[in-house]
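Atom set for the values below is all heavy atoms of this structure, side chains included, hydrogens, waters and symmetry mates excluded. Start at 1 and go down the list; that is how both ligands and their atoms are numbered. Here, residue 1 is the first one in the sequence, and each next residue gets the next number.
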Amino acid sequence: MSHPEISVIIPVYNEEAGLQTLFDRLYPALDALGTSYEVVFINDGSRDRSAAMLRAQFQQRPDTTRVILFAANAGQHMAIMAGFEHCRGDIAVTIDADLQNPPEEIGKLVAKMREGYDYVGSIRKDRQDSAFRRYASRAMNGLRERITRIKMTDQGCMLRAYSRAIVNAINSCREVSTFIPALAYSFAQRPTEIEVAHEERHAGESKYSLYSLIRLNFDLMTGFSLLPLQFFSLAGIAISLLSALFVVFLALRRLFVGPEAEGVFTLFGIVFFLIGIVLFGVGLIGEYVGRVYLQVRHRPRYLVDALLEQAVSTPSGSGATIDSVLSSKQDSSK
Ligand code: UDP
Ligand code: MG
């Protein structure tokens, strides 16, 4: 299938226990949609039989299956990045391999995309995870809402659909750690959200330890906001300016009141002055680091959706031929 309508992208990490059930539910669900599709599996360096099972599935359904085998574990979001680079569909749908998001819901996302949205997020109805995960997730959603410009109800739900234009934009990003739903949102023009069912993990255990969950949330917060850095740099600059005023105040007191507390205040003045210089320097470095960080992420500086312009007229032609270009959804331009 060279150019299907739907590409389903599935990262797989040590999922041998549930993969067969996934195959048995996924393909019939996609066949039922009655449109062309491909399934792109990314084996994220599994240490169990997942890779062998994906190879076997490829032998069985070579027309609709594509498999990318990573040599080592790179993380769920990098696996999805690889899927985006290799997928060929107009609509890319990401879904987890553990059947927590039922594949039968893919049709709902596709229907929404066909209405003209370019990003369909999802909200887990009756989320089937531990209480700790649900509360922590609500707190992180709240924090993200405040410090970034990304608006999502349920950032953790990976059952999402993206347009070809968004996939192309993501493919032009070179960052080494990211959070796909947020990155995609930053490129979306018409995003929307729908509710989807959520089930318990069918087999195996969550592949995220507490540590990797914390790392993932750092990727999200630092990848989409400079606020933590800017908070410190601005606070450093503000405190150093205040201490400069204090030094002036102490110097004036020395002139008009004379030496106090045996010169301790003068010593204070000198110390505050030096601390002020250091904090100011830290604040300035913070601002430079923020700019370096923006630069090294290599995200596209802007995305051109279409270009309307008159074609350049040839000298021999009598009148200019108006040939306005209404090319829709051009590829991202750097
Ligand atoms: N996954 C992956 N690489 C990893 C961790 C997870 O490809 O390093 C895949 C995993 O196989 C699953 C999806 O990402 O398809 C979501 O993982 P999981 O269900 O363990 O996360 P949770 O639902 O607990 O957030
Ligand atoms: Mg899961």
Taking non-hydrogen atoms within less than 4.0 Å of ligand 1, which protein residues qualify?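 For ligand 1, the contacting residues are Pro11, Val12, Tyr13, Glu15, Asp44, Asn73, Gly75, Gln76, Asp96, Ala97, Asp98, Gln100, Arg133, Arg201, Ser206, Lys207, Tyr208.
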
Tell me whether the Mg ion (ligand 2) has Asp96 as a neighbour, meaning an N, O or S atom of it below 2.8 Å.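 No - counting backbone and side chain alike, Asp96 has no N, O or S atom under 2.8 Å.
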
Gln100 backbone or side-chain N/O/S under 2.8 Å from the Mg ion (ligand 2): yes

Can you say whether the rings of Tyr162 and Tyr119 are parallel (under 30°), tilted (30 to 60°) or perpendicular (over 60°)? perpendicular

Taking side-chain contact (heavy atoms from CB on, under 4.5 Å) as the definition, give me every residue that meets it alongside Val292, ordered by chain and number, with sequence neighbours left out. Val296

Does a side chain donor of either Ser36 or Glu5 reach within less than 3.5 Å of an acceptor in the other side chain?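 The criterion, which ignores hydrogens and geometry beyond distance, is not satisfied for Glu5 and Ser36.
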
Between Phe41 and Phe23, does the ring centroid distance fall short of 6.0 Å? yes

If I consider every N, O or S atom in Asp98, which one ends up closest to the Mg ion (ligand 2)? I only need its name. OD2

For His77, check ring pair (Phe, Tyr, Trp, His ring centres under 6.0 Å) against everything at least two apart and list the hits.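 Applying ring pair (Phe, Tyr, Trp, His ring centres under 6.0 Å) to His77 gives Phe179.
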
Evaluate the criterion salt bridge (charged side-chain N to carboxylate O under 4.0 Å, His left out) for residue pair Asp48 and Lys207; output intermediate values, then yes/no. CA-CA 13 Å; Asp48 62 359; Lys207 304 299 176 269; over 6 Å; no

Restricting to side chain to side chain donor-acceptor pair (under 3.5 Å), what partner residues turn up for Gln20, sequence neighbours left out?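 For Gln20, the residues satisfying side chain to side chain donor-acceptor pair (under 3.5 Å) (neighbours in sequence not counted) are Asp24.
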
